[in-house]
Amino acid sequence: MTLVFDAGAFVAAERGDRQVMALLKAELLAGRTPVTHGGVVGQIWRGGQGRQVPVARLLDGVEVVPLDDELGRQAGVLLRHTGGRDVIDAAVVLLARDGDTILTSDPGDLASLAAEADIHLELANV
């Protein structure tokens, strides 16, 4: 099982939500590394200072994969099938595999993307 972070998880960390940091710690202690992609980082990163210190700490423990040509094309195809427009969300869903958990503040949109991609996952609201 992998823990996948969308932008909402990082925003929750920025707000001081200790649950997100606790989940990160638990994953690392279990020998698993949570994952996100570079598009999510672009949505949330504002320099890592001040209120963003928890975001920087969170990123230190997360594998950030590229939102490259292949992932971008797959996200575009998924959006064509759902009528959606958020490439970042579609790419987050495509990082997940059956049984994974996505930490999100937007479970509704991600649920429809996951259903279309036939990925059975848990959406943990933060």
Side-chain angles (χ1 to χ4, degrees):
M1 178 187 93
T2 299
L3 188 60
V4 182
F5 286 37
D6 88 344
F10 292 96
V11 171
E14 188 174 54
R15 287 191 322 253
D17 185 329
R18 295 183 192 273
Q19 174 191 9
V20 174
M21 296 307 285
L23 287 169
L24 171 65
K25 184 177 180 179
E27 287 298 296
L28 295 174
L29 288 173
R32 297 184 297 260
T33 303
V35 67
T36 194
H37 63 72
V40 170
V41 176
Q43 284 184 319
I44 56 92
W45 189 251
R46 299 296 178 262
Q49 300 174 359
R51 288 181 34 198
Q52 281 221 311
V53 168
V55 173
R57 285 190 192 128
L58 190 59
L59 278 169
D60 284 344
V62 174
E63 177 186 359
V64 180
V65 300
L67 179 50
D68 59 9
D69 182 59
E70 181 180 348
L71 184 55
R73 287 177 190 233
Q74 291 172 352
V77 169
L78 180 57
L79 291 171
R80 180 188 70 199
H81 290 292
T82 63
R85 292 181 286 198
D86 192 330
V87 171
I88 304 300
D89 281 354
V92 164
V93 167
L94 292 171
L95 291 179
R97 301 292 172 250
D98 283 343
D100 287 352
T101 299
I102 298 178
L103 289 183
T104 182
S105 59
D106 191 16
D109 287 346
L110 297 185
S112 64
L113 289 164
E116 180 61 37
D118 197 28
I119 301 170
H120 304 93
L121 47 84
E122 178 151 344
L123 299 169
N125 198 17
V126 291

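Computed from a predicted model, the values in this text were never measured in an experiment. Numbers for residues simply follow the sequence, beginning at 1.
Closest heavy-atom contact between Leu103 and Ala9: CB-CB, 3.8 Å. Minimum interatomic distance between Ser112 and Asp109 (heavy atoms only, all atoms of both residues): OG-O, 2.9 Å. Scanning both residues, Asp6 and Asp89, for their nearest heavy atoms gives OD2-OD1, 4.5 Å. A pairwise comparison of heavy atoms in Val126 and Gly8 identifies CG2-O, 3.5 Å as the closest pair. For the pair Met1 and Gly99, the tightest heavy-atom approach, listed with the atom from each and the gap, is CG-O, 3.3 Å. Taking every heavy atom of both residues into account, Leu3 and Glu27 meet most closely at CD2-CG, 3.6 Å.
Here CZ of Phe5 is found 7.0 Å from CG of Leu23. Values are rounded to the nearest 0.5 Å. In this structure, the separation between CG on Leu94 and CD1 on Ile119 is 5.5 Å, given to the nearest 0.5 Å. Rounding to the nearest 0.5 Å places CD1 of Ile102 at 4.5 Å from CG of Leu121. Atom CG in Leu110 sits 4.0 Å away from atom OG1 in Thr104 (nearest 0.5 Å). Between atom CD1 of residue Ile88 and atom CG of residue Leu67 there is a gap of 5.5 Å, rounded to the nearest 0.5 Å.
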Q: Go through the steps to decide whether Phe10 and Gln52 satisfy the test side-chain contact (heavy atoms from CB on, under 4.5 Å), and finish with yes or no.
A: CA-CA 9 Å; Phe10 292 96; Gln52 281 221 311; over 6 Å; no
Q: Could you walk me through whether Val92 and His37 pass the side-chain contact (heavy atoms from CB on, under 4.5 Å) test, one step at a time?
A: CA-CA 7 Å; Val92 164; His37 63 72; 3.5 Å; yes
**Q.** Verdict with supporting geometry, Leu113 and Leu79, side-chain contact (heavy atoms from CB on, under 4.5 Å)
**A.** CA-CA 8 Å; Leu113 289 164; Leu79 291 171; 4.0 Å; yes
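Using a distance-only test at 3.5 Å, with no hydrogens or angles considered, no donor-acceptor pair links the side chain of Arg51 to the main chain of Gly48. Counting only distance, with no hydrogens or angles, the side chain of Asp98 and the backbone of His120 share a donor-acceptor pair below 3.5 Å. Under a 3.5 Å cut-off, the side chain of Arg32 and the backbone N or O of Leu29 do not form any donor-acceptor pair.
Exactly one of Val77, Leu78, Thr82 qualifies for a side-chain contact (heavy atoms from CB on, under 4.5 Å) with Arg80. That residue is Val77. Among Leu28, Thr2, Val4, the one residue that satisfies the side-chain contact (heavy atoms from CB on, under 4.5 Å) test with Pro34 is Leu28.
Transitive grouping of hydrophobic side chains (ILVMFWY, heavy atoms separated by less than 4.5 Å) keeps Val53 and Val55 in distinct clusters.
Residues Leu58 and Met21 form a side-chain contact, since some pair of their non-hydrogen atoms from C-beta on lies under 4.5 Å apart. Side-chain atoms of Asp68 and Leu71, non-hydrogen and from C-beta on, do get closer than 4.5 Å to each other.
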